[in-house]
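Let me begin by presenting the structure, written as structure tokens, before commenting on it.
By convention here, the first residue in the shown sequence is residue 1. Counting starts at 1 for both ligands and their atoms, following the listed order. Values in this document were obtained by computation on a predicted structure and should not be read as measured data.
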Amino acid sequence: MGDTESSELQRSRLGFETRAIHDGQAPDAVTGAVVPPISLSTTFAQDAVGRPRSYEYARSGNPTRTALETCVASLEDARHGLAFASGLAAEDAILRLVPPGKRVLIGLDAYGGTYRLITAVWAPERQTAWTAIDLTDPARLAEEWPDDTALVWMETPSNPLLTCIDIEALADVAHARSAVLVVDNTFATPYLQRPLSHGADIVVHSATKYLGGHSDVIGGVLTVDDDELAERLAYLQNAAGAVPGPFDCYLVLRGAKTLAVRMDRHCENARAVVDLLVRHPAVDRVMYPQLPDHPGHAAAAKQMLDFGGMVSFTLADGPERAIQVAERTELFTLAESLGAVESLIEHPGVMTHASVAGSPLEVPANLLRLSVGLESAPDLVADLEQALS
Ligand SMILES: *Cc1c(COP(=O)(O)O)cnc(C)c1O
């Protein structure tokens with residue numbers, strides 16, 4: 001587990017960009033290697049029976065994973081970080097905290113795979129009860145609160161509708177009722193938003209997205225402050241074993257070093273794209289948290305440094321037009337996933353969110369989602385303009 005305590009003093013003094021490059025990544029004590037070596041050994045020599053040094057067996061922990069876990073914990077202002085083989089593996093570990101028969105609340109917009117994990121795996125196999133409910137109105141939620149709720153699962157901004165939820169307000173409601181609040185921070189990244197500092201108990205990421213940032217690694221990370229919760233989750237990480245390999249840890253760690261500069265440009269390019277979309281006659285509604293008429297604008301402005309690189313929009317002419325536009329872009333690659341250097345376009349109803357069809361989380365059929373990448377903004381705008389024409 002990434003134990004960050006030794007760097008606590010440092011963390012309180014150094015900026016985000018500095019910590020992204022240095023935390024967990026001091027030059028190798030023996031060789032001076034500036035980049036943390038990819039430590040492939042699955043087992044580690046012990047000094048005596050029952051007297052291991054720092055590591056025993058690589059599922060329980062290895063130096064490359066520790067480097068990543070320490071770095072991400074630092075970036076989330078968390079005491080502990082744990083890395084997993086995928087975002088969903090991290091989510092699965094968190095859901096193991098819910099006692100059988102107890103309830104999970106999930107918002108009305110979320111990653112389709114999360115919804116599937118809760119409703120199609122945990123519900124039938126572990127009798128996990130669940131309710132899809134509007135999490136954007138804490139006062140109403142407090143009134144409608146199901147008594148058997150153990151955990152609240154929120155995304156802000158959410159995938160794919162960019163719904164934004166006031167983390168602090170939701171944490172107050174959840175904690176007054178002894179529920180754990182989980183925030184999926186994949187869209188915002190720790191550079192733009194640090195949910196633990198707003199009262200969340202657990203922050204989870206698909207590291208496959210912005211943390212890795214280059215569409216070349218599947219990974220997950222979670223961070224927590226509470227020592228006891230961290231101990232339980234670290235136990236589950238090792239006992240269930242959905243851990244990332246050292247090379248994957250290295251790739252995410254390398255991506256994280258440039259997270260701040262990438263996010264600044266993702267936000268800037270997203271604004272250029274939004275400027276086009278809001279004035280284009282083929283577009284019906286643009287979802288981007290910076291827009292003053294976005295329902296979550298106030299929450300986003302309160303808790304985010306900037307508004308991110310994800311943009312969704314609906315087409316005035318309906319679903320056929322949406323599919324046509326998605327197939328006509330040239331720079332925006334038609335593909336699932338998000339958060340990397342290259343721009344992507346997708347149709348959530350058919351692609352990433354097919355698993356929520358017919359559910360309370362169903363997305364509009366005329367919806368398109370953009371992951372705005374780091375290409376030249378005028379090129380991206382021109383590409384969308386030709387696809388929409
Ligand atoms: C992709 C994604 C996940 C799942 O992560 P994987 O790394 O694909 O397992 C979870 N939450 C959000 C918001 C995502 O976009």
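Here the two rings, on His266 and Tyr210, have centers that are under 6.0 Å apart.
The distance from ligand 1 to the heavy atoms of Gly219 drops below 4.0 Å at these ligand atoms: 7 (O). Residue Asn159 has at least one heavy-atom neighbour below 4.0 Å for each of these atoms of ligand 1: 15 (O). Listed by number with element, the atoms of ligand 1 under 4.0 angstrom from any heavy atom of Leu338 are 15 (O).
Looking only at distances, a side-chain donor or acceptor of Ser312 sits under 3.5 Å from a matching main-chain atom of Pro160. Of the possible polar contacts, none joining the Glu342 side chain to the Ser215 backbone as a donor-acceptor pair under 3.5 Å is found. Although no hydrogens or angles enter the test, the distance criterion places a donor-acceptor pair under 3.5 Å between the side chain of Arg328 and the main chain of Ser389. Between the side chain of Asn269 and the backbone N or O of Glu375, at least one donor-acceptor pair lies under 3.5 Å.
At the top of the distance list for atom 4 (C) of ligand 1, counting protein heavy atoms only, stands Tyr111 CE2, 3.4 Å. Among protein heavy atoms, atom 11 (N) of ligand 1 sits closest to Asp184 OD2, 2.7 Å. Regarding atom 1 (C) of ligand 1, its nearest protein heavy-atom neighbour is Lys209 NZ, 1.4 Å. Here the heavy atom of the protein found nearest to atom 10 (C) of ligand 1 is Glu91 OE2, 3.3 Å.
With a heavy-atom cut-off of 4.0 Å, Leu88 touches ligand 1 through backbone and side chain alike. At a heavy-atom cutoff of 4.0 Å, ligand 1 is contacted by no atom of Val204, backbone or side chain.
Not a single heavy atom of His205 sits closer than 4.0 Å to an atom of ligand 1.
Contact between Arg19 and Ser74 at its shortest, heavy atoms only, is NH1-O, 2.7 Å.
Using a 4.0 Å cut-off between a side-chain N of Lys or Arg and a carboxylate O of Asp or Glu, Asp306 and Arg271 qualify as a salt bridge.
Between Thr352 and the options Glu346, Glu336, His347, a side chain to side chain donor-acceptor pair (under 3.5 Å) holds for only Glu346.
Any N or O atom pair closer than 3.5 Å counts here, and Ala207 shares no such pair with ligand 1. Considering backbone and side-chain atoms alike, Thr114 places every N or O at 3.5 Å or more from each N or O of ligand 1.
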